[in-house]
Undergrad: 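This structure is in structure tokens; I'll ask about it shortly.
In what follows, every chain begins at residue 1, and chains take the letters A, B, ... in the order their sequences are listed. These figures come from a predicted structure and were not determined experimentally.
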Amino acid sequence: MNNLIDPNAWTSTKSGTDFINPQSKIEAESGSEKLSIEYLFYQVENLKNELEQLKKQDLIISSRTKEISIRSLGDTRIGLKYKIPILIESYDEETIATFIDAEVVGFGDTEPEAIENLKKNLVDLYFELIEDENNLGPIPQNWLLVLREICIEK
Amino acid sequence: MTYWKSIDVKRTCENKLDISFREGKEFNGWFYYNGKKILRVTIPSGRSELTIGTQHSIIKQLRLLKNEFDELNKCPFQKRDFIAKLKRIGAIT
């Protein structure tokens, strides 16, 4: 099989119809063009390799991210009405926790630290938005809507 | 891929975008336009070089593309370019 997928055998030609395999003259009809079986094998082999690489990339991404939920903010002033989803991204030296709906993030060396920082940032953001409620651009206005929906003042 | 240092990104945001950060475990700051809060950015403190994930997170928070973020930190991308970008995506109305 390896000798069939040697790309050097085809590098000097422009299109599939011109391909001449030194070991075989077998050709297959593909649409209106004639393609050698060996060239088709070569293409299939390339596609298999690309697919493997994509699977590996997907595995890396999916093993790096997960979703958890939190039900408290650890603050005396506000709490959560219900559980909210948090995206956790783990890297070699760092973890990032994100509450996507209000774009709140927390960084940390560990997952608990990142979540702790996210909670603190979420509480801070809530009060920063309330404080300037009439001076918010469209994006922070949306964040405030989200936070009002999920937060309750104690 | 350029990896920026936390302190350099913070300094760029301060000097070029006039974002002032609140000191803490993390730096949190607002970008203002015409007295309105437009965007909030969180940068981790105490780190030398930002990891790829953190850098990506900051780029998203600033509504920039990777190349725009690099240009912001290098030189050509100025505050007026940032404002034009935010107007284009509707973050400033």
Undergrad: Identify whether A:Ile68 and A:Leu118 are in the same connected component of the hydrophobic contact network (ILVMFWY, side-chain heavy atoms under 4.5 Å).
TA: yes

Undergrad: Checking heavy atoms, do the side chain of A:Glu103, its backbone, both or neither come under 4.5 Å from chain B?
TA: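 Only the side chain of A:Glu103 comes within 4.5 Å of chain B.
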
Undergrad: Please look at B:Tyr32 and chain A and tell me whether the side chain, the backbone, both or neither of the residue comes under 4.5 angstrom of a heavy atom of that chain.
TA: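 Contact with chain A is through the side chain of B:Tyr32 alone.
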
Undergrad: Are A:Ile130 and A:Leu145 joined in one hydrophobic group, where the rule is that I, L, V, M, F, W and Y side chains link up if heavy atoms are under 4.5 Å apart?
TA: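 No, no single cluster joins them.
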
Undergrad: Could you tell me if A:Asn121 and B:Asn28 have a donor-acceptor pair between their side chains, going purely by distance under 3.5 Å?
TA: yes

Undergrad: Side-chain heavy atoms nearer than 4.5 Å, only ILVMFWY residues, links allowed to pass through others: does that put B:Leu65 and B:Ile89 together?
TA: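 No, separate clusters.
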
Undergrad: What distance separates A:Leu129 CG from B:Trp30 CH2, expressed to the nearest 0.5 Å?
TA: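 One gets 4.5 Å once the value is rounded to the nearest 0.5 Å.
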
Undergrad: Could you check B:Thr51 against A:Glu93 for side-chain hydrogen bond (donor to acceptor under 3.5 Å, both in side chains), going step by step and ending with a plain yes or no?
TA: CA-CA 8 Å; B:Thr51 63; A:Glu93 296 169 3; over 6 Å; no

Undergrad: Once you round to the nearest 0.5 Å, how far does CG of B:Leu50 lie from CZ of A:Phe107?
TA: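 It is 8.0 Å, given to the nearest 0.5 Å.
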
Undergrad: Is there a chain of hydrophobic side chains (I, L, V, M, F, W, Y, each step under 4.5 Å between heavy atoms) that links A:Leu87 to A:Ile84?
TA: no

Undergrad: Hey, are A:Glu133 and B:Lys37 close enough for a salt bridge, meaning a charged N less than 4.0 Å from a carboxylate O?
TA: no

Undergrad: Which heavy atom in A:Ile96 sits nearest to a heavy atom in B:Thr54, and how many Å separate them?
TA: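 So the two residues come closest at CD1-N, 3.4 Å.
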
Undergrad: If you take all heavy atoms of A:Pro138 and B:Ala91, which pair is closest and at what distance?
TA: CD-O, 3.1 Å

Undergrad: Would you mind checking if B:Lys36 and A:Asp132 are paired as a salt bridge, meaning a charged N to carboxylate O distance below 4.0 Å?
TA: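 No salt bridge links A:Asp132 with B:Lys36.
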
Undergrad: Taking all atoms of both residues into account, what is the closest heavy-atom pair of B:Thr42 and A:Val105, and its distance?
TA: CB-CG2, 3.7 Å

Undergrad: In Å and rounded to the nearest 0.5 Å, what is the CZ to CD1 distance from B:Phe31 to A:Ile139?
TA: 11.0 Å

Undergrad: Cluster question for you: counting only ILVMFWY and a side-chain heavy-atom cut-off of under 4.5 Å, with indirect links fine, are A:Ile152 and A:Leu80 together?
TA: no

Undergrad: If you count the non-hydrogen atoms of other residues, nucleotides and ligands that lie under 6.0 Å from NZ in A:Lys83, is the total more than 12?
TA: no

Undergrad: Are A:Glu128 and B:Arg40 within salt-bridge range, i.e. N to O under 4.0 Å?
TA: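 B:Arg40 and A:Glu128: salt-bridged.
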
Undergrad: Which atoms of A:Glu113 are under 4.5 Å from chain B, going by heavy atoms: the side chain, the backbone, both sets, or neither?
TA: side chain

Undergrad: So for B:Ser57, is it side chain, backbone, both, or neither that comes closer than 4.5 Å to the heavy atoms of chain A?
TA: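 Contact with chain A is through the side chain of B:Ser57 alone.
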
